[in-house]
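None of the values given here were measured: they were computed from a predicted structure.
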Amino acid sequence: LIALEAEAGLGALPPPPALGGVCFVEFALDPAAEAETAELLGTLGFARLGHLAAEPGAPVHGAGEIRFILNTATEGLTHGHFLRHGPSVAALGLIVDDAAATLARAERLHVSLWREPLGAYALPALRAPDGLLLYLIEKDGLERFWQSVLVADAEPSPPAVPSWERIDHLAMALPPGAMDRFVLFYRSVFGLLPGPRTDLPDRFGLIHSRPLENAARTFRLPLNVSESGATLTGRFVAARGAGVQHIALACRDIFALTRALAARGFAPLAVTANYYASLAAQGDLDEERLRMLAAHGLLYDRDGEGEFFHF
């Protein structure tokens with residue numbers, strides 16, 4: 001109601017932040033899950049860069065602008081998140097233009113606030129409806145932030161796969177009936193714009209998806225809900241509750257990336273021959289492009305704004 005009044009000119013709110021993307025993703029893990037995740041990141045070509053100054057048990061892995069924090073703390077907020085949700089994403093670092101104004105807007109909207117002491121660096125954060133912590137890092141202070149919170153390894157290894165660039169988007173799985181509450185939160189606090197709802201077919205039912213993004217399209221957050229407990233989204237929510245279900249990473253050259261990952265032993269999900277036969281039947285792609293897609297195990301889509309390759 002406060003946000004609606006402000007939009008109608010009946011009240012004053014600080015403007016929503018200009019989001020610049022995702023600075024980091026923090027996982028809540030136990031030692032076994034941390035070892036498994038670190039091994040996967042290593043196969044994907046991510047380098048271990050060091051660990052958090054305030055959490056020696058929280059190594060940081062990265063490539064390009066992507067940073068993953070693997071936190072195995074046995075107390076505090078991250079550990080509490082692990083106890084409630086199991087191995088999962090506990091926090092996101094969001095790049096904003098003005099952290100103080102964002103906090104002021106959130107406080108006016110009665111959003112729960114948090115300030116995390118990371119060594120000498122006090123990092124402000126908001127709590128999303130599912131308990132996810134959303135840390136705020138100002139774009140102009142990114143370098144100072146990492147210098148303050150990261151203890152670099154003595155000899156950090158360079159990323160083995162140079163194609164990785166940034167986090168493209170994250171998708172959340174929500175329980176039935178929660179979609180409107182999450183849309184309201186992200187729209188009111190961050191000014192994200194909801195797109196049209198899309199129904200995605202699953203073998204065991206439909207998944208209803210609604211994307212949120214800012215006007216500059218530097219931050220995207222699809223929200224997924226399924227009434228069926230047997231779909232991928234339904235099973236995720238039943239096992240872990242609402243939370244980040246997948247993370248999409250952008251790269252410079254996806255064909256070179258898949259070749260480099262194959263050489264490192266990474267095997268993506270297999271794509272059936274029927275998929276490429278269906279693409280051929282649409283007549284939009286020549287034989288050479290279809291052969292390249294099949295050889296690299298890539299999926300393809302296209303609209304009026306461009307082409308989309310992914311695996």
message: Quick one, Leu94 with Phe190, criterion side-chain contact (heavy atoms from CB on, under 4.5 Å). Give me CA distance, side-chain angles, the key distance, then yes/no.
response: CA-CA 11 Å; Leu94 302 182; Phe190 295 102; 3.9 Å; yes
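- Taking 4.5 Å as the limit, every side-chain heavy atom of Leu192 sits out of range of all side-chain heavy atoms of Phe185.
- Here the side chain of Arg210 pairs a donor or acceptor atom with the backbone of Gly195 at under 3.5 angstrom.
- Under the side-chain contact (heavy atoms from CB on, under 4.5 Å) test applied with Leu299, the options Tyr275, Phe308, Phe311 reduce to a single match, Tyr275.
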query: Given the rule in the side-chain contact (heavy atoms from CB on, under 4.5 Å) test, do Leu133 and Leu92 qualify, once you have shown the distances and angles that lead to the verdict?
result: CA-CA 6 Å; Leu133 279 179; Leu92 302 176; over 6 Å; no
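- Under a cut-off of 6.0 angstrom, the local environment of CD in Gln282 is crowded, with over 12 non-hydrogen atoms contributed by other residues, nucleotides or ligands.
- Judged by distance alone, with hydrogens and angles left aside, the side-chain atoms of Asp303 form a donor-acceptor pair with the main-chain N or O of Gly306 at under 3.5 Å.
- Residue Asp199 qualifies as enclosed at atom CG: its count of foreign heavy atoms under 6.0 Å is above 12.
- One distance of note links OG of Ser188 with NE2 of His110; it measures 11.5 Å at 0.5 Å rounding.
- In summary, the aromatic rings of Phe255 and Phe309 are positioned with their centroids under 6.0 Å apart.
- Although no hydrogens or angles enter the test, the distance criterion places a donor-acceptor pair under 3.5 Å between the side chain of Arg105 and the main chain of Pro14.
- Closest non-hydrogen pair, Arg67 versus Cys23, comes out as CB-O, 3.7 Å.
- Of all heavy-atom pairs spanning Leu170 and Pro222, the tightest one is O-CD, 2.9 Å.
- Salt-bridge formation is detected for the pair Glu307/Arg289: a Lys NZ or Arg NE/NH1/NH2 atom is positioned less than 4.0 Å from an Asp or Glu carboxylate oxygen.
- At a threshold of 4.5 Å between non-hydrogen side-chain atoms, the residues Val60 and His51 do not count as touching.
- Closest approach of Arg127 and Leu77 over heavy atoms only: NH2-CD2, 3.0 Å.
- No donor-acceptor pair closer than 3.5 Å links the side chain of Glu26 to the backbone N or O of Ile69.
- Between the side chains of His208 and Glu227, at least one donor-acceptor pair of N or O atoms lies under 3.5 Å.
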query: Between Ile95 and Leu19, is a side-chain contact (heavy atoms from CB on, under 4.5 Å) present by the stated rule, with each step listed?
result: CA-CA 6 Å; Ile95 302 170; Leu19 286 168; over 6 Å; no
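- The pair Arg217-Glu305 meets the salt-bridge criterion, with a side-chain N (NZ, NE, NH1 or NH2) lying under 4.0 Å from an Asp/Glu carboxylate O.
- A tilted orientation is assigned to the rings of Tyr135 and Phe24, their planes being inclined by 30° to 60°.
- Minimum heavy-atom separation, Ala33 to Leu29: CB-CD2, 3.9 Å.
- Proximity of Val161 to Leu257: side-chain heavy atoms (C-beta onward) are separated by under 4.5 Å at one or more points.
- Considering only heavy atoms from C-beta on, Leu221 comes within 4.5 Å of Leu223 through its side chain.
- With hydrogens and angles disregarded, a donor-acceptor distance shorter than 3.5 Å links the side chain of Trp164 to the backbone of Leu44.
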query: Does the side-chain contact (heavy atoms from CB on, under 4.5 Å) test come out yes or no for Glu138 and Asp97, once each step is laid out?
result: CA-CA 5 Å; Glu138 291 190 353; Asp97 60 332; over 6 Å; no
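- Separation of the Phe68 and Phe46 ring centroids falls under the 6.0 Å cut-off.
- Thr218 places no side-chain N or O within 3.5 Å of a backbone atom of Asn214 that could act as its donor or acceptor partner.
- The side-chain contact (heavy atoms from CB on, under 4.5 Å) test with Asn224 singles out one residue from Thr231, Thr233, Thr198, Leu232, and that residue is Thr233.
- A salt bridge links Asp153 with Arg48: the closest approach of a Lys/Arg side-chain nitrogen to an acidic carboxylate oxygen falls below 4.0 angstrom.
- Counting non-hydrogen atoms of other residues, nucleotides and ligands closer than 6.0 Å to CG of Leu269 gives a total of 12 or fewer.
- In terms of modelled atom types and a separation under 3.5 Å, the side chain of Arg197 and the main chain of Pro211 share no donor-acceptor contact.
- Leu41 has its side chain out of reach of Glu39: every pair of non-hydrogen atoms, C-beta onward, lies at least 4.5 Å apart.
- Judged by distance alone, with hydrogens and angles left aside, the side-chain atoms of Thr43 form no donor-acceptor pair with the main-chain N or O of Phe266 at under 3.5 Å.
- Annotation: Asp180, atom CG; neighbour count of heavy atoms from other residues, nucleotides and ligands within 6.0 Å does not exceed 12.
- Among all heavy-atom pairs drawn from Met172 and Phe182, the shortest one is CE-CE2, 4.2 Å.
- Taking both residues in full, the closest heavy atoms of Asp130 and Gly243 are given as OD2-CA, 3.8 Å, listed atom of the first, atom of the second, then distance.
- Heavy-atom contacts from other residues, nucleotides or ligands closer than 6.0 Å to CD of Glu165 number more than 12.
- A side-chain donor-acceptor contact under 3.5 Å links Arg235 to the backbone of Ala230.
- Hydrophobic cluster membership differs between Val25 and Phe236, with clusters built from Ile, Leu, Val, Met, Phe, Trp and Tyr side chains linked at under 4.5 angstrom.
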- request: Apply the test side chain to side chain donor-acceptor pair (under 3.5 Å) to residues His81 and Ser88: give CA-CA distance (whole Å), side-chain angles for both, the deciding distance (0.1 Å), then the verdict.
  value: CA-CA 8 Å; His81 192 279; Ser88 55; 3.2 Å; yes
